[in-house]
Amino acid sequence: MLNEYLKKILSSRVYDVAEETPVHTATFLSERLENQIWIKREDKQPVYSFKIRGAYNKVVQLTDEEKARGVIAASAGNHAQGLALAAKELGIKAVIVMPRTTPEIKVKSVKARGARVILHGDAFDDAFKYSQKLVEEKGYTYIHPYDDPDTIAGQGTVAMEILRQMPVQPDAIFIPVGGGGLIAGMAAYVKALAPNIRIVGVESSESACLAAAMAAGHRVILPEVGIFADGVAVAQIGENTWEICKDYVDEVITCTPDEICAAIKDTFDDTRAVSEPAGALAIAGLKKYIEREQCKGQNLVAILSGANVNFDRMRYISEVAEIGEGREVILAATIPEEPGSFQRFCNLLGKSPITEFNYRYSRDDEAQIYVGVKVSDEPGSRKALVDDLEAEGYALIDITDDEVAKYHIRHMVGGHAPASVTDERVYRFEFPERPGALLNFLKKLGKRFNISLFHYRNHGAAYGRVLVGLQITDDKREQLQGYLEELGYRYWDETDNTAYQRFLR
């Protein structure tokens, strides 16, 4: 199988439209992590991602009859742009079905490359089913984003360039994984020519379908998929890609959204490229690998796979990047309610800069403060800060990893609920983000229950996050539970959440 893919990769036609992208030395990361780190700059492709390689290599090899029928795909991002450009270069009609939640910038980019865009459904699955309906009705040729041998071969040219461009042989290559097209193509090429190079897949913890398949020994379908790293938000590894990955991928590392945000910042510091979350995934995995292995002096390559980031999302990324890197700690602290107490607290922080401070008077004797503090990235620095403050008599709770604190409380600190607010229960929701979605959500909820607390903030993502307080007596608890299930949105009961209890109850 490796020999067959090697031939396909070597004969790929990608360079009719794709660029041979550079391998960039990551100076700052290399110095900080004590390894020689290289970044393969696939963000420099004409469509700002590697997807143009596989899309063009598939389309150019279609028969004349298949080309005449036109091509179609369901996609919310990079494959759509790659296929649109490939079809334009070859003079082929292209139709892209995109979810209605797709950011406008991506819709415009696809249209600008000559493809017809059809917006359908709220999620990728809706768009995919509709694209298959059009294939049956109109006879279009479907171009799969990853699960096709010609697409896989096109993506494999990334590895061909790395082995040719690198001044030394890499010890390991870190590759982002969604459906597996990129890692399958690269693994096939590398293991055929240099099998001692370690191939490491990196997945978002919200969509780790390859890790799940490797653990089970066969392809599995994830029950749900988070879409912060939308470029890799796939519920099941591809059939063709799995046949390669199961034998030739050495391991898979998963990374949280916070860790991905930190990697986006690292990528920017070294390249000035603003990566999309999936684009920085390999860098995040590389950092976890170094931390786990405690290796030094190795030559490690990470793929910067794309830079089609929605600008709105940069606000959220910048907010949590330092937390993801372990360089910011968020604390709930109790200090005396008296003149000079805040200054004394700050004096104890020494040279550690305060990144955020939230407070509102609520009691005569003590104050609850929400404070963010920058710490060094040295191991144990976060714990040392907490220990030092507790040694001075301060009651602290580290809420750095608390979802409610990160996404909601930091924007809401302003006083506790009045005595008239009784029987309050607090829930955290996620719902599909689209025009009118928030108002619709609020109307549905407000018709049946009194809302005592509400916080929503647009993060430029496909899902909105809401924190809601509802006044619910015990006899209506069962009724509420049934209604929440009826709503169909993901939700969590956060009534006992520490940050909520400290700052808003």
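A quick note: this is a predicted structure, and the numbers were derived from the prediction, not measured.
- No more than 12 heavy atoms of other residues, nucleotides or ligands shown are found within 6.0 angstrom of NZ on Lys44.
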Distance-only donor-acceptor pairs under 3.5 Å for side chains of residues 159-181, two or more places apart:
from, atom 1, to, atom 2, distance (Å)
Glu161, OE1, Thr21, N, 3.4
Glu161, OE1, Lys40, NZ, 2.6
Glu161, OE1, Arg53, NH2, 3.0
Glu161, OE2, Tyr15, OH, 2.5
Glu161, OE2, Arg53, NH1, 2.9
Glu161, OE2, Arg53, NH2, 3.1
Arg164, NH2, Glu20, OE1, 2.7
Arg164, NH2, Glu20, OE2, 3.3
Gln165, OE1, Lys40, NZ, 3.0
Gln165, NE2, Glu20, OE2, 3.3
Gln165, NE2, Thr21, O, 2.9
Gln169, NE2, Asn196, OD1, 3.3
Asp171, OD2, Asn299, N, 2.8

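- With sequence neighbours excluded, the residues satisfying side-chain contact (heavy atoms from CB on, under 4.5 Å) with Lys374 are Glu322, Pro353, Thr355.
- When every heavy atom of Ser12 is checked against every heavy atom of Ala153, the shortest pair comes out as OG-O, 3.6 Å.
- At least one side-chain heavy atom of Leu62 sits less than 4.5 Å from a side-chain heavy atom of Val59.
- By the 4.5 Å heavy-atom criterion applied to side chains, Tyr5 and Pro149 are counted as neighbours.
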Q | side-chain contact (heavy atoms from CB on, under 4.5 Å) between Phe345 and Glu392, intermediate numbers included | A | CA-CA 9 Å; Phe345 182 84; Glu392 293 293 330; over 6 Å; no

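- Atom-to-atom distance recorded for Trp242:CH2 and Gln236:CD is 10.5 Å, nearest 0.5 angstrom.
- Annotation: the span from Leu29 atom CG to Ile39 atom CD1 amounts to 6.0 Å, rounded to 0.5 Å.
- Put simply, the side chain of Gln81 reaches to within 4.5 Å of the side chain of Arg113, judged on heavy atoms.
- Between the side chain of Thr25 and the backbone N or O of Thr27, no donor-acceptor pair lies under 3.5 Å.
- Pairs engaging residues 181-223 under the ring pair (Phe, Tyr, Trp, His ring centres under 6.0 Å) rule: none recorded [sequence neighbours left out].
- Put simply, CD1 on Ile283 and NZ on Lys287 are 9.5 Å apart, with the number rounded to the nearest 0.5 Å.
- A donor-acceptor pair under 3.5 Å is formed between the side chain of Gln155 and the backbone N or O of Gly54.
- Annotation for Ala229 and Pro277: closest pair CA-CB, 3.8 Å, computed over non-hydrogen atoms.
- Between the side chain of Glu34 and the main chain of Glu31, no donor-acceptor pair closer than 3.5 Å is present.
- Closest heavy-atom contact between Gly297 and Asn35: N-OD1, 3.2 Å.
- Residue pairs satisfying the salt bridge (Lys or Arg N to Asp or Glu O under 4.0 Å) criterion with at least one member in residues 211-226, sequence neighbours excluded, are listed as follows: Glu224-Arg490.
- With sequence neighbours left out, Thr254 forms a side-chain hydrogen bond (donor to acceptor under 3.5 Å, both in side chains) with no residue at all.
- Applying the salt bridge (Lys or Arg N to Asp or Glu O under 4.0 Å) rule to pairs touching residues 174-193 yields Lys191-Asp250, sequence neighbours excluded.
- Scored by the side-chain hydrogen bond (donor to acceptor under 3.5 Å, both in side chains) test, Asp16 finds Arg13, Tyr56 as partners (sequence neighbours excluded).
- Two residues are said to be in side-chain contact when any heavy atoms from C-beta on lie closer than 4.5 Å; Asn240 and Asp148 fail this criterion.
- Listed by first then second residue, pairs satisfying side-chain hydrogen bond (donor to acceptor under 3.5 Å, both in side chains) with a partner in residues 199-215 number zero, not counting sequence neighbours.
- For the atom pair CD1 (Ile409) and CG (Asn497), the distance works out to 6.5 Å, reported to the nearest 0.5 Å.
- Scanning both residues, Thr241 and Tyr146, for their nearest heavy atoms gives CG2-O, 3.7 Å.
- Here the side chain of Asp43 pairs no donor or acceptor atom with the backbone of Gly306 at under 3.5 angstrom.
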Q: Please report the C-alpha distance between Ile9 and Leu6 in whole Å, then the side-chain angles of each, then the deciding distance to 0.1 Å, and finally whether the side-chain contact (heavy atoms from CB on, under 4.5 Å) criterion is met.
A: CA-CA 5 Å; Ile9 293 168; Leu6 184 61; 5.5 Å; no

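- Listed by chain and number, the residues in a side-chain contact (heavy atoms from CB on, under 4.5 Å) with Ala233 are Val225, Ile227 (sequence neighbours excluded).
- If you take CG on Leu182 and OG1 on Thr151, they are separated by 12.0 Å, rounding to the nearest 0.5 Å.
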Q: Apply side-chain hydrogen bond (donor to acceptor under 3.5 Å, both in side chains) to Asp258 and Thr256, showing your working.
A: CA-CA 5 Å; Asp258 287 0; Thr256 66; 5.4 Å; no

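- Residue pairs meeting the side-chain hydrogen bond (donor to acceptor under 3.5 Å, both in side chains) criterion with at least one partner in residues 270-279, sequence neighbours excluded, are Asn78-Glu276.
- Between Trp492 and Val404 there is no side-chain heavy-atom pair separated by less than 4.5 Å.
- Using modelled atom types, no side-chain atom of Asp266 and backbone atom of Phe28 make a donor-acceptor pair closer than 3.5 Å.
- Nearest heavy atoms, Ala73 versus Leu83: CB-CD2, 3.5 Å.
- Under the side-chain hydrogen bond (donor to acceptor under 3.5 Å, both in side chains) criterion, Asp230 pairs with Lys106, not counting sequence neighbours.
- Checking side-chain atoms of His79 against main-chain N and O of Ile143 turns up a donor-acceptor pair under 3.5 Å.
- Between the side chain of Asp388 and the backbone N or O of Leu348, no donor-acceptor pair lies under 3.5 Å.
- Glu251 and Arg198 are joined by a salt bridge, as a carboxylate oxygen and a charged side-chain nitrogen come within less than 4.0 angstrom of each other.
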(Q) Checking Arg382 against Asp398 for the side-chain contact (heavy atoms from CB on, under 4.5 Å) test, could you report, in this order, the C-alpha distance in whole Å, the side-chain angles of both residues, the deciding distance, and whether it holds? (A) CA-CA 9 Å; Arg382 173 172 158 182; Asp398 186 339; 2.9 Å; yes

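- Between His408 and His455, the ring planes lie perpendicular to each other; the angle is over 60°, past the 30° to 60° tilted range.
- Although no hydrogens or angles enter the test, the distance criterion places no donor-acceptor pair under 3.5 Å between the side chain of Asn57 and the main chain of Val14.
- Counting heavy atoms from C-beta on, the side chains of Val202 and Cys255 come closer than 4.5 Å.
- Within the model, atoms CE of Met186 and CZ of Phe50 stand 10.0 Å from one another, a figure rounded to the nearest 0.5 Å.
- Considering all non-hydrogen atoms of both residues, Val220 and Ala213 come closest at CG2-N, 4.0 Å.
- Every side-chain hydrogen bond (donor to acceptor under 3.5 Å, both in side chains) that Asp387 has, sequence neighbours left out, goes to Lys383.
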Q: Report the C-alpha separation of Leu331 and Leu389 in whole Å, then their side-chain angles, then the decisive distance to 0.1 Å, and conclude whether the side-chain contact (heavy atoms from CB on, under 4.5 Å) test is met.
A: CA-CA 11 Å; Leu331 303 173; Leu389 291 172; 3.9 Å; yes

